[in-house]
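Report on the following structure.
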Amino acid sequence: MALALSDHSSIVTITPPPSRRRRFVVSKIGRIGGISLIATYLSIIVVIPVTALVLHGIGFGISTNGAGPALWRWSWHLSPMVFIHALQLPGAVHAIGLSLWLSLLVAFINCVMGLAIAWVLVRDEFPGKRILDGFIDLPFALPTIVAGVVFVFLYGPASPLHVDLFETWIGLMVALLFVTIPFSVRAVQPVLEHLDRADEEAALTLGAGPVRRYLTVVLPSLAPAALAGFGLAFARAIGEFGSIALISGGVARTTPGSAYVFMLTGSFQWAQAAAVSTALLLLSLVVLITSSVASRRISKRLGS
Amino acid sequence: MAILLNRVTKSYGSRRVVDDVTTSIDDGSLTVILGPSGSGKSTLLRLIAGLETLDSGTVAIDGQDVTFQDVRDRNIGFCFQHYAPFRHMTVAKNVGFGLKVRKQSRADIDRRVGELLEIVRLSDKANRYPSQLSGGERQRMALARALAIEPRVLLLDEPFGALDAQVRVELRSWLRDFHHRIPVTTIMVTHDQQEAMEVADQLIIMAEGAIQQTGDPRHIYASPSNEFVQGFLGPITNFGGVPVRPHDLEIRGANAPGEHAVVTAIQNFGFEVRVDLRTEHDTSCWVQLSTREAETLSLSVGDAVTVSVRHEPALMI
Ligand SMILES: Nc1ncnc2c1ncn2[C@@H]1O[C@H](COP(=O)(O)OP(=O)(O)O)[C@@H](O)[C@H]1O
């Protein structure tokens, strides 16, 4: 038996060089090809548009000096004042500020609610659980402008429920809570499903009550996922337009950043629109990066 | 503290996982519940802890009926197969958790944690996180955590099941030693016969939710009450229509008294030798010899020998 084994391994070591090398080269080419494909795809879909937006936003432009298409006659200019000026437009700072605090608030509320909903969906058994679970994804499926129409109908001036949230920040908040809830729930749900119940049982045998078990054992394990969900919900909220466009009523007081940008494009103020968009994008990035760094730190501490 | 189980029964759906179990566990003993996987051992342990509720029967600890007592009030130390560490807490915080729940003072907690870490030999790792420990260290931490609350009984659910062979063996003897020093009533669940034999001073054999035999491990090994127990605890062979341990048979020269037989196969495992025989009544059996015995006999296939039951059955574990 031992002999057979060593025979086998010697065959393996003698034959491979050429074929293994070829396979190595092929796999390397394959990998480079794969990476280039993905890079190209992402460039077209994400990188180029975003770059164009930001460049436009900070006043980067390309022009041809004088006549002729010759490449060397082209020049570029950067006018950061466009960015500053755009932010000085009446209502711009207010709109961005409104977007920021509303999105933070919405992300926070849904972070908490998402934890609660995920808990119920994972840990409780009740009739209609599957249906409720399916409902969570509905805001993904519904065109947001449709949601906007529904909100104005339900919570607008002609509300059948006699709840008029038209042109109020609460109206905006309700719309944003609706569109971001799937992120908050789906971020923590799978983690909760795979949580080892023994951790909680260990705390239980040591005498910990339900609140302490949740806060000291369950929550820390969910924290990375909840933080990631917070980041996603925030980014989604700050970028959301469709569902709030109608209920905001186009009044300056309740016009968040995205709606403000839409207004600017309506009056063909492209550069200003790009500038405000860039500011919103930056805020999104800051929150997304912060939450994902925090999330990773905690995960690392938790290990495996 | 002694534990009394009286007609304990538990079903999942229509399946009786623990079926009318009645037994007692001595104060200060190290009792091992042994059985094949799925026999209901863990469920029985969890019923004692209060992590599952009984369908019927009673559980008493130290003369007190705890059947309907909340887990938190039972004061039981429980260790899980996968250690269940609190991963965001340091080793010291893990061990002190139960004391913190009991609102003990910071100084008392620190002192007790220090002592326990000493006992489980983790003093130098007090400020590590569980992810920075090996499996064996994690289980020792879990043990210290369970002991911190000075439990009335200590329950270990397959505590070494997730460890590699060498660490398992180390921890077994460490556990024996440890129990000797801190003789808290301990019940350990395992499906590993060798582990059970090595650790237990009381053995409970379970199969299909019911207790098959209880008692001193050596006694059970030597006189199993039924064929399941006999087969489960070690190899058996058939000699003269009776099941016996293959190391309780003896091979001698063809002229010695005993049943005549012919060697049909010899397998050398290094530490022992298995000899297959065909007897004069045309039945087959096999004998387990030590390597030394085999060398003395220097058997080869086709040899004529005699087989008989050893006069003093050897207790090989
Ligand atoms: N919570 C549960 N729900 C349903 N069936 C269970 C549950 N816990 C254990 N069982 C079943 O009960 C049987 C005994 O399980 P267990 O006590 O874990 O056995 P052992 O510890 O001996 O391996 C198994 O068949 C298992 O599938």
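The sequence lines fix the lettering, A, B, ..., with proteins before strands; numbering per chain opens at 1.
Taking 4.0 Å as the cut-off between side-chain N and carboxylate O, B:Arg128 and B:Glu137 do not count as a salt-bridged pair. The residues A:Arg130 and A:Asp133 are annotated as not salt-bridged, no charged nitrogen and carboxylate oxygen being separated by less than 4.0 angstrom. Between B:Asp108 and B:Arg106 there is no salt bridge, since none of the side-chain N atoms of the basic residue sits less than 4.0 Å from a carboxylate O of the acidic one. Ion pairing of A:Asp137 with A:Arg186 is present here, as a side-chain N (NZ or NE/NH1/NH2) and a carboxylate O approach within less than 4.0 Å.
Between chain B and the residues A:Glu200, A:Arg212, A:Arg197, the most heavy-atom pairs under 4.5 angstrom are made by A:Arg212. The choice from B:Gln132, B:Arg74, B:Arg102 that makes the most heavy-atom pairs within less than 4.5 Å of chain A is B:Arg102. Counting heavy-atom pairs under 4.5 Å between each of B:Tyr83, B:Phe86, B:Phe78 and chain A puts B:Phe86 at the top. For the set A:Val217, A:Asp196, A:Leu204, the count of heavy-atom pairs under 4.5 angstrom toward chain B peaks at A:Leu204. Ranked by heavy-atom pairs shorter than 4.5 Å toward chain A, the options B:Asn75, B:Ile149, B:Leu51 are led by B:Leu51.
For chain B, no part of A:Ala223 is nearby; none of its heavy atoms comes within less than 4.5 Å.
Aromatic rings of A:Phe234 and A:Phe183 (six-membered ring for Trp) have centroids beyond the 6.0 Å cut-off, not under it.
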